[in-house]
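Before any comments, here is the structure.
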Amino acid sequence: MSTAFPAILPAEVEIHPGEHPEGHFLGMTWNLDTIWVTVVAGLIVIALGFWVRGQLTKKTDDHVPTKLQIVWELIVKEVQTQVEENLGRVHPFVVPLAVALFFFILIANWIEVIPSEPNQHIHALPSPTADTNLTYAMGIIAMVSVWIYGIRKQGARAYFKHYMEPYPILFPLELLQDLLKPITLALRLFGNIFAGGIMIALIGSLVAIAPLNIPLGGLFAVILTVVWKLFDTVFLGGLQAFIFALLTILYFGMAGAEHGEHEDHDDQDDQDDHADTGDRPAAREPTPEPAA
């Protein structure tokens with residue numbers, strides 16, 4: 001019994017977080033796998049964009065829109081409707097930016113599904129969003145765009161004034177909250193994708209399981225790897241892409257909301273209610289003319 005028991009346990013797994021094949025240029029260190037997989041994901045998004053554009057502009061003999069055109073218009077229109085209903089009308093570039101971010105992050109997450117790891121030393125297509133360098137870059141780009149949009153929409157004075165509200169003493173907290181937004185955007189995405197990679201490594205250790213010298217570990221590892229990739233990479237990867245795009249839209253909506261906007265809407269609604277219910281001063285009766 002004592003000799004069979006160790007064979008049931010998985011082998012020791014060595015996980016080295018943050019290790020990448022590196023290159024050195026201009027005195028800086030570059031994570032090469034993150035760079036080339038990011039380029040691959042970007043090229044896929046661009047190719048899909050041109051393909052969708054070609055399908056949307058294709059003229060059919062019966063002048064009926066293609067199925068892709070109908071689906072794409074429904075998606076974009078639904079996103080725009082939800083944005084306008086919850087945040088009001090925002091700049092026209094916000095929805096296309098959010099859709100582009102969604103598809104780029106989605107493909108960057110899903111690229112992990114492609115078998116590209118012949119051994120433990122080579123991983124040709126790791127998910128680039130498991131590297132904080134990419135997620136920080138996307139978070140900073142998104143939030144800097146939000147801040148520029150807010151300043152252009154409200155003006156610098158009105159935009160920076162909101163840091164002093166409702167009380168000037170809260171200025172440090174309000175400023176810190178804005179500065180932490182790109183960090184939370186980046187770490188939320190990175191943490192979920194990186195944890196999925198660790199789980200894949202742990203599942204791979206099940207190969208060593210061989211109860212009674214029967215090599216069942218390989219079968220368990222393959223089945224669990226497929227199940228986990230479907231759940232983590234496909235489902236959670238899509239969910240994280242959606243959350244990143246949704247938060248970007250929300251931040252744009254908050255940055256574009258002018259001070260006192262809600263109060264003005266409430267006052268206008270009250271006036272409309274009074275007008276609808278006939279709550280207005282009664283018309284003065286005409287003064288009778290004196291008899292001739």
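Values reported hereafter were calculated over all heavy atoms of this structure, with side chains retained and with hydrogens, waters and symmetry mates removed. Note that the coordinates shown come from a computational prediction; the quantities given were computed from them, not determined experimentally.
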Query - Atom pair CD1/CG of Ile243 and Leu189 - distance to nearest 0.5 Å - result: 9.5 Å
Query - Atom pair OH/CD of Tyr167 and Glu174 - distance to nearest 0.5 Å - result: 12.5 Å
Query raised in the report: Is there a donor-acceptor pair closer than 3.5 Å between any side-chain N or O of Glu112 and the backbone N or O of Ser127?
Result: yes
Query raised in the report: For Leu32 and Gly23, which heavy atoms make the closest approach, and how far apart are they?
Result: CG-N, 3.7 Å
Report task. Might you point out which heavy atoms bring Gly139 and Pro182 nearest each other, and give the distance in Å? Result -> O-CB, 3.5 Å
Query raised in the report: How long is the gap from CG on Leu97 to OH on Tyr149, to the nearest 0.5 Å?
Result: 12.0 Å
Query - Same apolar cluster: Ile46 and Phe104, side chain cutoff 4.5 Å - result: no
Requested in this report: Please confirm whether the backbone N or O of Ala255 pairs with a side-chain atom of Gln154, one donor and one acceptor, at under 3.5 Å?
Outcome: yes
Requested in this report: Tell me whether Leu170 is reachable from Met164 by hopping between hydrophobic residues (I, L, V, M, F, W, Y) whose side-chain heavy atoms are closer than 4.5 Å.
Outcome: no
**Report entry** Candidate pair Leu247 and Thr184, rule side-chain contact (heavy atoms from CB on, under 4.5 Å), full reasoning
**Finding:** CA-CA 11 Å; Leu247 289 176; Thr184 56; over 6 Å; no
Query raised in the report: Are Ile169 and Leu176 grouped together when hydrophobic residues (ILVMFWY) are joined by side-chain heavy atoms under 4.5 angstrom apart?
Result: no
Report task. Indicate yes or no: at least one non-hydrogen side-chain atom of Trp36 is less than 4.5 angstrom from one of Pro128. Result -> no
Query raised in the report: When rounded to the nearest 0.5 angstrom, what is the spacing between CZ in Phe171 and CD in Glu165?
Result: 13.0 Å
Query raised in the report: Between the side chain of Trp30 and the main-chain N/O of Ile35, is any donor-acceptor distance below 3.5 Å?
Result: no
Query raised in the report: Does a side-chain heavy-atom distance below 4.5 Å link Leu236 with Phe231?
Result: yes
Requested in this report: Scan Thr135, Asn109, Thr34 and name whichever one has a side chain to side chain donor-acceptor pair (under 3.5 Å) with Thr129.
Outcome: Asn109
Query raised in the report: Mind checking whether Val52 and Phe102 sit in one hydrophobic cluster, side chains of I, L, V, M, F, W, Y counted as touching below 4.5 Å?
Result: yes
Report task. Walk me through it: do Phe244 and Leu185 pass the test side-chain contact (heavy atoms from CB on, under 4.5 Å)? Result -> CA-CA 7 Å; Phe244 195 102; Leu185 271 176; 4.0 Å; yes
Query raised in the report: Would you find a donor on one side and an acceptor on the other, under 3.5 Å apart, between the side chain of Trp110 and the backbone of Val234?
Result: yes
Query raised in the report: ring pair (Phe, Tyr, Trp, His ring centres under 6.0 Å) with Phe190: which residues, sequence neighbours excluded?
Result: Phe194
Query raised in the report: Do Met254 and His162 come within less than 4.5 Å of each other through their side chains, counting heavy atoms only?
Result: no
Query raised in the report: With the 4.5 Å side-chain cut-off for hydrophobic clustering, are Val40 and Trp51 part of the same group?
Result: yes
Requested in this report: Could you go through the side-chain contact (heavy atoms from CB on, under 4.5 Å) check for Met138 and Ile105 one step at a time?
Outcome: CA-CA 10 Å; Met138 289 193 299; Ile105 297 173; 4.0 Å; yes
Query - Straight-line distance of Leu106 CG to Leu239 CG, nearest 0.5 Å - result: 11.0 Å
Report task. Kindly say whether Asn133 contributes a backbone atom to a donor-acceptor pair with the side chain of Asp131 at under 3.5 angstrom? Result -> yes
Requested in this report: Of all the heavy-atom pairs spanning Pro126 and Ile111, show the shortest one and how long it is.
Outcome: O-CG2, 4.2 Å
Query raised in the report: For the side chain of Asn192 and the backbone of Arg188, is there at least one donor-acceptor N/O pair under 3.5 Å apart?
Result: yes
Query raised in the report: What do you reckon, is CG of Leu173 surrounded by more than 12 foreign heavy atoms closer than 6.0 Å?
Result: yes
Query - Gap separating the CD1 atom of Ile107 from the CD1 atom of Ile44, nearest 0.5 angstrom - result: 5.5 Å
**Report entry** Trace of the side-chain contact (heavy atoms from CB on, under 4.5 Å) decision for Ile151 with Phe160
**Finding:** CA-CA 8 Å; Ile151 293 173; Phe160 289 111; 3.8 Å; yes
